[in-house]
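Here's the structure, in structure tokens; my notes come after.
Below, each value reflects all heavy atoms present in this structure, side chains not excepted, and no hydrogens, waters or symmetry copies.
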Amino acid sequence: MQPGQIIVLATPVFFLLIAIEFAVGLVRERRGTGRNTYRLNDAVNSIGLGMLSQISAVLTKLLRIGIYTAVFEHVALFPDATFWTSWYGWVLALVFYDFCYYWLHRMGHESAVLWAAHVVHHQSQDYNLSTALRQTSSGALLGWVFYVPMAVAGVPPLVFAVVALVDLLYQFWVHTEQVGKLGWFDRWFCSPSNHRVHHAVNDRYLDRNYGGILIIWDRIFGSFKEEDERCVYGTRSPLNSWDPLWANAEVYWALAQDSWHARSWGDKLRVWLKPPGWRPADVAARFPKPPFDIHALRVYHPPVPRSVLWFGGLQFVLLLAGVAFFLWHSDTLPLAQSAVWLAALTAGLWAVGGMLQGRFTVAEALMVHAAALATATGALGLTGLHHIFKPLVMVIALFYVAACARRTGAGGQFGSYFWLLAAALAASLAGDVFLMLQGFFIPGLVSFLMAHLFYIALFKQGVPWFPSRRALAIPLAIGGGMYAFLWAGGLPAALRLPVAAYVAVIALMAAQALGRASVLRTPASVGVAAGACVFMLSDSVLATNRFVVAVPLGQFWVLATYYVAQFLIVRNTVAGAPAPVADQPSAVQRLVSSATVR
């Protein structure tokens, strides 16, 4: 049985224990003897990050197991399988692993680049069993280094994998506030009390209690601290987001910014190696950050309607089922298929996070889900499902635009935005349907040509025709170069004229959107321009894949960029539409919480 399948089988046990802990918390809160430590949005975010960690691990096997196996096969000093598979060999291997884990964990708090990976586990401001499932997706990039001594010693890869799983599973139960101190057990083992200290941001608790199973490592190496005051959880730079991608990237991004701004080349490197929070003096002076104040911490809990919260929970349950199915079969899937499903499931988790944060509407989240499924089924050749999900994306987008127009009582210039957007989406829907059918390439091309003409008219609203010469020249030059590339690559003679017209129109669409952004300089106009440019990229990949040379995972890239383009255009056109009543904020802008996608 593979590790992914073991995790799938363990999942019902995890959720049963979470349900028990939740029930105990509710009872204690009603009795006044404790408190409920769960919030739906935080729990979904934590479990979602665990799901993302598990599916991304499918692609990092080379780092986690491959390098270990290579070192074992070439350098192992004592590769005696009989010894390591005896009961005392297993115990020694587990203790050995726990010792290596202690130093990985400790360095994860003492080196910024390792903290950038480990921080994901600490971001939750709640402390419960769902927090245990909150894991990084980038830990394998450098974490494997700390286990090389086990390979050198001769611990077989199978034994290593098993004790690693045991060490990980043990740590699940210590993430709870419902279990108090355990006397002698606390002195030897990692326990709920000991690990609460580790997750706290209190001054006296910071960077303490790193042990995975055994807490004696902390006692030996001077990092132990007993729990003696109430813990405050999270990080000293709160995430304040339910976005799983940003959760994994936030510290890397902050380090990259500080490294970029540092004047000294030495400081550019030290930013990554020094302890978290260290900043070069010149960077700290030019870009100051407020000092940490534990009394100023606020629990991140963005208000969203209860219906949206529960709908997000339902979407999350469906994603959980999809992740379980993927993990069960992941070891038999080719790497390319695994990558496609990783992208689709990640997009779904990202959409749920945005919805729970109030950043996406329900319709926008559904559009992302349908687009992810359309992309995955198209790339993997699941034709029947693809024929359902591909048109569904544009249908959802049309309903969303119609609902926005109805809610705002769109009329005049404000109404023309929605009519032109709806017309472009309807033409795109027709193009999607035609391109799914054999022998309908030309009707599909004409449909998308009409969609781009509607988009040009849409992007003309409120600005002159092609207001920026540079914005006009660059897309036309790129379009001309792309057409020459297609011609030289064997574009059929019968298609040269219609493709030339199509290239010209999409280049003009991008030019009008870029020119509009140069005039308005609003986040929404920039988002629309980005969508138009991605649309141009999508069509370039499509044409290259169809007429010149097969692009690796070509269908995936064509569909993924196409849906990114449509999402950016729809979302930012709705958010940036002019107010229907003079001097009044747009109701749509109140409906949509943000004009751009992070």
Heavy-atom side-chain proximity of [X] to [Y] below 4.5 angstrom:
X: F316; Y: L349; result: yes
X: V574; Y: Y400; result: yes
X: W90; Y: V159; result: yes
X: W217; Y: F99; result: yes
X: E364; Y: F567; result: yes
X: Y205; Y: D228; result: yes
X: T235; Y: V119; result: yes
X: L320; Y: F15; result: yes

Give a yes or no on whether the backbone of [Y] and the side-chain of [X] come within a donor-acceptor separation of less than 3.5 Å.
X: T561; Y: V558; value: yes
X: D98; Y: I213; value: yes
X: T69; Y: I65; value: yes
X: T375; Y: A371; value: yes
X: N209; Y: H198; value: no

*Residue of the set R219, R208, K181 for which salt bridge (charged side-chain N to carboxylate O under 4.0 Å, His left out) holds with E226*: K181
*For the salt bridge (charged side-chain N to carboxylate O under 4.0 Å, His left out) test, which of E177, E29, E21 pairs with R35?*
E177
For the residue pair [X] and [Y], does the interplanar ring angle fall in the parallel (under 30°), tilted (30 to 60°) or perpendicular (over 60°) class?
X: H175; Y: H199; value: perpendicular
X: W184; Y: F189; value: perpendicular
X: H105; Y: H195; value: tilted

State whether a side-chain donor-acceptor pair under 3.5 Å links [X] with [Y].
X: S223; Y: Y102; result: yes
X: S193; Y: S191; result: no
X: N128; Y: S130; result: yes

What distance separates [X] [atom1] from [Y] [atom2], expressed to the nearest 0.5 Å?
X: Y562; Y: Q566; atom1: OH; atom2: CD; answer: 4.5 Å
X: Q54; Y: L133; atom1: CD; atom2: CG; answer: 9.0 Å
X: L26; Y: T37; atom1: CG; atom2: OG1; answer: 9.0 Å
X: H387; Y: T377; atom1: NE2; atom2: OG1; answer: 9.0 Å
X: I388; Y: L382; atom1: CD1; atom2: CG; answer: 11.0 Å
X: W350; Y: D243; atom1: CH2; atom2: CG; answer: 7.5 Å

Which heavy atom in [X] sits nearest to a heavy atom in [Y], and how many Å separate them?
X: A343; Y: F556; answer: CB-CZ, 3.7 Å
X: N41; Y: L356; answer: CA-CD1, 4.2 Å
X: A363; Y: I396; answer: O-CG2, 3.6 Å
X: V179; Y: R196; answer: O-NH1, 2.8 Å
X: V352; Y: G312; answer: CG1-O, 3.8 Å
X: G527; Y: L568; answer: O-CB, 3.8 Å

*asked:* Suppose we screen for side-chain contact (heavy atoms from CB on, under 4.5 Å). Which residues come up paired with T60, at least two apart in sequence or across chains?
replied: A57, R64, A140
*Is the count of non-hydrogen atoms from other residues, nucleotides or ligands lying under 6.0 Å from F399 atom CZ greater than 12?*
no
*asked:* Around atom CH2 of W557, are there more than 12 heavy atoms from other residues, nucleotides or ligands closer than 6.0 Å?
replied: no
*Audit row: V393, M367, side chain to side chain contact (heavy atoms under 4.5 Å, CB included) steps and yes/no*: CA-CA 5 Å; V393 182; M367 187 177 173; 3.9 Å; yes
*Evaluate the criterion side chain to side chain contact (heavy atoms under 4.5 Å, CB included) for residue pair V340 and L553; output intermediate values, then yes/no.*
CA-CA 9 Å; V340 169; L553 287 176; 4.1 Å; yes
*Take Y300 and L239 through the side chain to side chain contact (heavy atoms under 4.5 Å, CB included) test and state the conclusion after the steps.*
CA-CA 9 Å; Y300 180 70; L239 176 64; over 6 Å; no
*asked:* Please confirm whether the ring centroid of Y68 lies under 6.0 Å from the ring centroid of F160.
replied: yes
*So, do Y147 and Y101 have ring centers that fall under 6.0 Å from each other?*
no
_side chain to side chain contact (heavy atoms under 4.5 Å, CB included) between D42 and W242, worked out_ = CA-CA 8 Å; D42 179 85; W242 301 134; 3.9 Å; yes
*Identify whether the distance between the nearest side-chain nitrogen and carboxylate oxygen of D207 and K225 falls below 4.0 Å.*
no
*asked:* Per the ring-ring contact (aromatic ring centres under 6.0 Å, His included) rule, what does the pair list look like for residues 320-346, sequence neighbours excluded?
replied: F325-H329
*Which of these passes side chain to side chain donor-acceptor pair (under 3.5 Å) with R134: H121, Q123, H122?*
Q123
